Engineer: 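Here it is, the structure in full.
Letters go in sequence order (proteins before strands), and every chain restarts at 1. Worth knowing before you read on, the calculation uses all heavy atoms, side chains too, and leaves out hydrogens, waters and symmetry mates. Worth saying up front: this structure is predicted, and the values here are computed from it rather than measured.
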There are 2 protein chains.
Amino acid sequence: MEIGRPYSRLIHRLEACRPLLPEDRQHIADLPLTVANFGAGQEIVRQDDAPTRCTVVLSGILSAHKRVDRAQRQITSFFLPGDIADLSALYLPALDYGVTAVGSAVVAFVPHNALQSAMDRAPTLTEAVWRQSLIQAATFREWLATIGRRDALSRVAHLVCEIAVRLQAVGLARDLRFSIPWTQTDIADACGISNVHANRVVQKLRRRGLVEWNTQGISILDWSGLVAVGGFSAEYLALAPSLSLAPVGKPIEMRLRDAGQATPPA
Amino acid sequence: MEIGRPYSRLIHRLEACRPLLPEDRQHIADLPLTVANFGAGQEIVRQDDAPTRCTVVLSGILSAHKRVDRAQRQITSFFLPGDIADLSALYLPALDYGVTAVGSAVVAFVPHNALQSAMDRAPTLTEAVWRQSLIQAATFREWLATIGRRDALSRVAHLVCEIAVRLQAVGLARDLRFSIPWTQTDIADACGISNVHANRVVQKLRRRGLVEWNTQGISILDWSGLVAVGGFSAEYLALAPSLSLAPVGKPIEMRLRDAGQATPPA
DNA sequence: CGATAGCTTGAGCCCTATCAACAGCTGTGG
DNA sequence: CCACAGCTGTTGATAGGGCTCAAGCTATCG
C-alpha cells in the first residue's frame with residue numbers, strides 16, 4: 001500500500017467532509033508529524049490515557065474498542081486511511097476507548113497544539129475536522145440501531161457494506177473488491193456476536209452468493225442483495241456526492257453515489 | 001418542573017462541559033429563541049430533515065431514535081434539560097435520526113446562524129459546545145459496548161445509572177430518586193430488547209432490591225449493587241468534578257463525584 | 001516440522017423474541 | 001354515571017437465535 005506524501009491521505013479524507021481552501025491544504029502539509037509502524041494487534045493508544053497528539057491512519061486499519069467485564073471486547077469503530085482515530089482526546093480529558101492496529105498499519109502522530117493552532121488559523125479546516133467528528137457520531141448511531149435491532153446476519157452484512165463504501169471513497173476498493181486484514185473475531189467483536197457465530201454468518205453470506213470471502217479479501221458479488229440483507233443506506237456517512245477521489249483515473253464517484261442510494265454499483 | 005429564565009438550563013449544562021466566561025454567558029442569554037411545548041410522543045424533528053435551528057431541552061425529556069425495518073425502533077439517546085438534541089445538523093446536511101418528546105416537554109429553538117455567530121465570537125463557548133458533542137459521542141460508544149456485550153439486565157441497570165447521574169448533574173434528581181416519564185417500551189427500544197422482556201427485567205431489578213420503580217418514579221435503593229449489575233462507570237460522561245449545580249443548597253456534587261467512581265452515593 | 005493463530009463444525013442449552021391474553025388506568029362520549 | 005377504547009404493564013407458553021464448550025482442521029512461520 002503506497003502512502004505518497006504522508007499528509008495526502010488526511011487531506012483527501014477531510015476534503016470528503018468539506019472542500020478545503022488551498023491555504024487549508026498548506027496548513028495540513030505544514031503540520032509536524034511523526035510516522036510510526038505497528039504490527040497486527042498492537043495497541044496504539046491505551047484506553048483511559050490522555051494523549052497529547054492525534055493519531056492519523058496512513059495505511060492499514062485501526063479499531064477502537066472498549067473492554068467489558070475483563071473478558072469481553074466491543075469494537076466501536078474501524079478507522080481507515082485518512083481517518084483521525086482519537087479526535088475526542090483533543091478536548092476531553094481521557095480517551096474512553098483503546099486504539100489497536102488491525103493487521104499492520106502505518107500512522108502519523110500530530111501534536112494537539114500544532115493541530116489546534118492550524119485550526120485556529122483556518123476556519124474551513126476546523127469545520128472539516130468537526131464534520132468528520134460528527135460523521136463518526138452518526139456512524140455510532142447507525143451501529144447502535146444495527147446491533148440493537150438486527151440479527152447477526154444483517155449486522156455483518158451491514159458492516160461489510162459500510163467498509164466497502166468507505167474504502168471505495170478513499171480509493172482502496174474497486175468494483176466492490178477489497179482486502180482487509182481483520183479476523184472473524186474482530187468482526188464478532190464489532191457486531192456484538194460470538195466468533196463462532198460470526199463464522200457461521202460469514203458462511204451463510206457466502207452460500208447465498210452475496211460475497212466471495214477468503215483470506216485474500218472480500219469481493220461483493222451481489223451488492224443490492226447484501227444491501228437488502230444489511231438494511232444498509234450510506235447516507236449517514238455523509239460522503240460528498242462530488243468527492244473526486246478516483247485513485248487512478250476511472251470515475252469511481254459514480255459508484256459511490258449509487259452506493260449511497262443502495263442501488264447496484266456497476 | 002420550573003424552568004427559570006429559559007437559557008439558564010443551557011448555561012448550566014454547557015458549564016458542566018467547560019467553565020464559561022461571563023461574556024459567554026451573556027452571548028447565550030442574548031440568543032434569540034422560540035419556546036415550544038410538546039406532548040408525549042410528539043415528533044419534534046423528523047429523521048432526514050435538515051433543520052435550520054437547534055433544539056435545546058428546557059424541561060422534560062427527549063429521545064433520538066432511528067427506525068429499522070419499518071416496525072422496529074432503536075433509541076440512540078435521551079436528552080435531558082440543558083442538552084442540545086440536534087447539534088449534528090449544524091454541520092451535516094440532514095439529520096440521521098428523529099427527535100421525539102418522551103412525556104411532555106418544553107424546548108427552545110435557536111436558529112443556526114445565531115448560534116454560529118455567537119460561537120464565532122466566543123471561543124470558550126465553542127469549546128463547550130464541541131465538548132458536549134464529544135461527550136455525546138462517548139455515550140454512544142458506551143451504549144454500543146453495553147448493547148453489544150451485556151445481557152438485558154445489565155443494559156437496563158446501566159441505563160438507569162446513566163440517567164440518574166445525568167439527572168443529578170442538572171439538579172433533577174436528589175438522593176438517587178427521580179421521576180421520568182418513559183414507558184417500558186421506551187426502555188426496551190433504548191436497550192435493544194423487547195418490551196415484554198424489559199418488563200421482566202424491571203421486575204427482576206425490583207425483586208433484587210436494587211430499585212423502587214413505579215409510575216411515580218424511580219428510586220435507587222442499592223446504588224453500588226445497581227452499578228455492579230450494569231458495569232457502570234460514569235467517567236465517559238466527563239462531568240466536571242467541580243460542577244456546582246446543587247439545586248437548592250445541599251452539596252450534591254460530592255455524590256456526583258462518588259457516582260463517578262461507582263461508589264455508594266450517600 | 002512443531003507451533004500458533006485462525007477457521008470450521010457439532011451438540012446442548014439459555015436468553016430472549018413472539019404470540020396471546022388479561023388487568024389497571026385514563027380519557028371520551030353517550 | 002357508565003360503557004368503551006386505548007395505552008401501559010403483567011403473566012404464561014412456546015420457539016428460535018445465538019452462546020458455550022469442545023474438538024478437528026488449515027495455513028503460515030520460525
Engineer: Please give me every residue in residues 66-76 of chain A whose heavy atoms get under 4.0 Å of an atom in DNA chain D, ordered by residue number.
Structural biologist: none
Engineer: Check for me whether the distance between the ring centres of B/W182 and B/F78 falls short of 6.0 Å.
Structural biologist: yes
Engineer: Under the criterion side-chain contact (heavy atoms from CB on, under 4.5 Å), which of A/V229, A/I220, A/L226 is the partner of A/C161?
Structural biologist: A/L226
Engineer: Please determine, for the side chain of A/D151, which listed nucleotide (C/dT9, D/dG9, D/dG17) has the closest atom?
Structural biologist: D/dG17
Engineer: What is the distance from CD of A/Q203 to P of D/dG18, rounded to the nearest Å?
Structural biologist: 15 Å
Engineer: Are B/R166 and B/D83 close enough for a salt bridge, meaning some N to O gap below 4.0 Å?
Structural biologist: yes
Engineer: Counting only side-chain nitrogens and oxygens, does B/Q184 get under 4.0 Å of the OP1 or OP2 atom of D/dT10?
Structural biologist: yes
Engineer: Hey, are B/T100 and B/H65 close enough side-chain-wise for a donor-acceptor pair under 3.5 Å?
Structural biologist: yes
Engineer: Assess the side chains of A/E162 and A/W143: does a donor N or O sit below 3.5 Å from an acceptor N or O?
Structural biologist: yes
Engineer: Separation of B/W213 atom CH2 from D/dT8 atom P, in whole Å?
Structural biologist: 15 Å
Engineer: Under the rule for salt bridge (charged side-chain N to carboxylate O under 4.0 Å, His left out), what residues qualify as partners of A/R155, not counting sequence neighbours?
Structural biologist: none
Engineer: Round to a whole Å and report the spacing from CZ of B/R150 to P of D/dC19.
Structural biologist: 16 Å
Engineer: Would you jot down, in residue-number order, the residues of residues 191-200 of chain A having a non-hydrogen atom under 4.0 Å from DNA chain C?
Structural biologist: A/V196, A/N199, A/R200
Engineer: Angle class for the B/Y236/B/H158 ring planes (parallel below 30°, perpendicular above 60°, tilted otherwise)?
Structural biologist: parallel
Engineer: With nearest nucleotides of DNA chain C determined for B/A152 and A/W182 from heavy-atom distances, which residue corresponds to the more 5′ nucleotide?
Structural biologist: A/W182
Engineer: Check B/E212 with B/R206, please: is the shortest side-chain N to carboxylate O separation under 4.0 Å?
Structural biologist: no
Engineer: With a non-hydrogen cut-off below 4.0 angstrom, is B/R206 in contact with a base, only sugar-phosphate, or nothing?
Structural biologist: sugar-phosphate
